Amino acid sequence: MSGVIESQENKDLRAAVAALGARHGRGFDRAALWSEAAKLGYLGVNLPEAYGGGGGGMAELSIVLEELGSAGCPLLMMVVSPAICGTVIARFGTEEQKRTWLPGLADGTLTMAFGITEPDAGSNSHRITTTARRDADGGGWILSGRKVFISGVDIADATLIVGRTEDARTGSLKPCLFIVPRDTPGFQRSRIDMELQAEEKQFELVLDDVRLPAESLVGDEDAGLLQLFAGLNPERIMTAAFAIGMGRYALAKAVDYATTRQVWKLPIGGHQAIAHPLAQAHIELELARLMMQKAAALYDAGDDVGAGEAANMAKYAAAEACVKAVDQAVHTLGGNGLTREYGIASLITAARVARIAPVSREMILNYVSHQSLGLPKSY
C-alpha cells in the first residue's frame with residue numbers, strides 16, 4: 001500500500017518500518033519496540049537535525065506510526081511525545097528548552113505527555129479552567145486545575161500542560177503551555193479504569209498549586225493559541241496514521257482468512273458478499289491516507305491554516321474507515337473474529353478511539369461546516 005505521491009526516500013522508510021513492525025508483531029513489548037524504533041531514528045524523524053532528530057516532518061512521522069500500526073504494534077505515545085510536544089518545543093521553545101528536551105525526545109530516552117482535556121471542558125478549549133498565576137516574587141508560576149484522559153503520564157518524564165494566564169491588559173484568560181516534570185510537588189495522577197486494552201494507560205491529573213520556574217513556560221506568553229494549534233494539527237495527522245494502521249492490520253487479517261477459509265466449493269473470499277465489503281474498506285483506507293498525506297504536506301510546508309482543514313478531514317476519514325474495516329474484519333471471521341486466538345475483537349473498542357479522540361467526529365463536522373463551508377456557527 002505504498003502511496004504514489006511519496007518520495008523514494010519515504011517509500012524506503014515505510015518498508016524499513018514495516019520490517020521492524022513485522023519483527024515485533026501483535027504481542028509486542030512496548031518498551032523494547034520504543035527503544036529499537038528510537039535507536040533506528042524513527043521516533044525523532046520529524047525533529048530538527050540540530051537537536052538529534054531526522055530533520056523530516058509529519059509526512060515521515062506519520063509513516064512510522066501507520067506502518068507500526070499495520071503490523072499490530074502501534075506506539076500511541078508517538079502521537080504525543082515527538083508529534084505534539086516535540087513539534088511545539090521545536091517551533092516555539094527557548095534554546096535551553098530545545099537543548100533540554102529535543103535530543104531525548106528524538107532518541108527515546110525522554111518521553112513527554114500532553115494535558116489539555118478537562119472534566120468540565122471536553123472539546124471546548126475556551127472553558128479550560130487550569131490557571132497559571134505568577135508567584136509572589138514574579139519569577140515563576142503556580143498552576144492549579146484538573147485534567148482527564150491524559151495518556152502515558154506514568155511513563156512520561158514530563159507533561160506539557162495547557163493552562164490559562166490572565167492577560168494584564170484585558171483581564172481575560174489566554175492559553176499557555178507549561179512543562180511540568182512528573183515528580184513536581186502537587187502534581188498528582190490517578191489511573192482511570194478503562195475497558196480499552198492498551199499499553200498506554202489513561203490518567204486524571206490534579207495540579208494543586210504546582211510551583212514551576214519561569215523557564216517552564218513554552219514560548220511567548222502572548223502566542224499561546226498559535227502554539228496550541230501548532231501541536232493539535234500534528235495530533236490529528238498522527239491519529240489518522242494510528243487509525244489507518246489499525247484498519248490495515250484488521251483488513252489484512254480478514255483477507256488472509258477469506259483467502260484460506262473454505263466452506264463450500266471455493267474460499268469464502270470468492271463470494272462477493274465477503275469480497276466487496278473488504279474491497280470497500282481498502283478503498284476507504286487508501287482515500288483517508290491521501291488526505292493524511294495532504295495534511296502532512298501542508299503542515300510541513302508551513303501552511304498551518306490549510307493543514308488545519310486537511311488534518312481534521314484526515315482524522316475524520318481515517319477514523320470512519322478504521323471502524324468500518326475492523327467491523328468488517330470481525331464479521332468476515334464470524335465466531336473466530338471474537339476469539340482471543342485471532343486477536344481482532346479487541347480492536348472493536350480501540351477503533352472507536354479515533355472517532356472520539358483527540359476531538360469528536362461531530363466537532364470536526366462543526367469545523368468543516370463553519371470554516372470550510374462558511375455556514376453559521378452552531379456553538
Side-chain angles (χ1 to χ4, degrees), residues 1-47 49 52-79 81-83 86 105-108 234 237-256 259 278-279 281-297 299-301 314 317-318 321-322 325-326 329 343-344 347 354:
M1 286 179 67
S2 58
V4 293
I5 61 172
E6 284 179 352
S7 66
Q8 187 58 49
E9 190 176 357
N10 281 4
K11 288 179 183 177
D12 293 342
L13 173 66
R14 187 180 287 281
V17 177
L20 171 66
R23 288 203 303 276
H24 286 263
R26 186 83 167 109
F28 71 110
D29 178 309
R30 187 209 163 273
L33 177 56
W34 184 268
S35 176
E36 188 174 355
K39 285 188 179 72
L40 292 168
Y42 299 150
L43 292 188
V45 72
N46 65 309
L47 299 176
E49 288 184 273
M58 292 313 303
E60 288 76 19
L61 195 66
S62 61
I63 286 173
V64 175
L65 183 56
E66 182 195 336
E67 288 305 321
L68 291 178
S70 73
C73 49
L75 291 171
L76 180 61
M77 289 303 284
M78 283 188 65
V79 178
S81 196
L105 294 181
D107 70 15
I237 293 167
M238 290 296 281
T239 302
F242 179 80
I244 293 164
M246 188 188 304
R248 284 178 53 197
Y249 175 83
L251 181 61
K253 289 285 186 186
V255 169
D256 180 65
T259 304
L278 295 177
H282 175 69
I283 290 169
E284 287 165 18
L285 287 166
E286 284 283 311
L287 290 171
R289 185 206 271 150
L290 279 172
M291 184 55 79
M292 179 183 75
Q293 289 172 320
K294 176 181 179 180
Y299 187 83
D300 293 341
C322 176
V326 167
I344 56 173
L347 299 183

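Every value quoted in this text rests on a predicted model; they were computed, and no experiment measured them. Throughout, numbering of the chain's residues begins at 1 and tracks the sequence.
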Could I get the full list of side chain to side chain donor-acceptor pair (under 3.5 Å) partners for D107, not counting sequence neighbours? T109
Rounding to 0.5 Å, atoms CD1 (I237) and CG (D300) come to a distance of 7.0 Å
Which heavy-atom pair separates P74 from F28 by the least distance, and what is that distance? O-CZ, 3.5 Å
All side chain to side chain donor-acceptor pair (under 3.5 Å) counterparts of D29, not counting sequence neighbours: none
Looking at every non-hydrogen atom in both residues, tell me the closest pair between A83 and P234 and how far apart they are. O-CB, 3.6 Å
Residue set satisfying side-chain contact (heavy atoms from CB on, under 4.5 Å) with L47, at least two apart, ordered chain then number -> L102, L105, A106
Nearest 0.5 angstrom please: L251 CG to E284 CD, how far? 11.0 Å
Tell me whether S62 contacts the main-chain N or O of A59 through its side chain, where contact means a donor paired with an acceptor under 3.5 Å. yes
Does the pair R14/E67 count as a salt bridge with the N-to-O cut at 4.0 Å? yes
Could you measure the distance from the CZ atom of R248 to the CD atom of E286? Nearest 0.5 Å is fine. 8.0 Å
What pair of heavy atoms forms the shortest contact from L43 to G108, and how long is it? CD1-CA, 4.0 Å
If you measure from CG on L65 to CE on M58, what distance do you get to the nearest 0.5 Å? 9.0 Å
Which heavy atom of N46 sits nearest to which heavy atom of P82, and what is that distance? ND2-O, 3.1 Å
Applying side-chain contact (heavy atoms from CB on, under 4.5 Å) to V45 and not counting sequence neighbours gives E60, L61, V64
Check side-chain contact (heavy atoms from CB on, under 4.5 Å) between A71 and all other residues, then give those that pass, not counting sequence neighbours. C73
To the nearest 0.5 Å, atom CD1 of I63 lies from atom CG of N10 at 4.0 Å
Hey, what do you get for CZ (R26) to CG (L347), rounding to the nearest 0.5 Å? 4.5 Å
Residue pair Y249 / G69: nearest heavy atoms and the distance that separates them: CB-O, 3.6 Å
Over all atoms of both residues, closest heavy-atom pair of M78 and M238: O-CE, 3.8 Å
Sequence neighbours left out, what passes side chain to side chain donor-acceptor pair (under 3.5 Å) with E9? Give chain and number order. none
The criterion is side chain to side chain donor-acceptor pair (under 3.5 Å); which residues satisfy it with T259, sequence neighbours excluded? none
Residue pairs passing the salt bridge (Lys or Arg N to Asp or Glu O under 4.0 Å) test where at least one lies in residues 33-42, sequence neighbours excluded: R23-E36
Please list, chain by chain and in numerical order, all residues satisfying side-chain contact (heavy atoms from CB on, under 4.5 Å) with A329, sequence neighbours excluded. A250, A254, I344
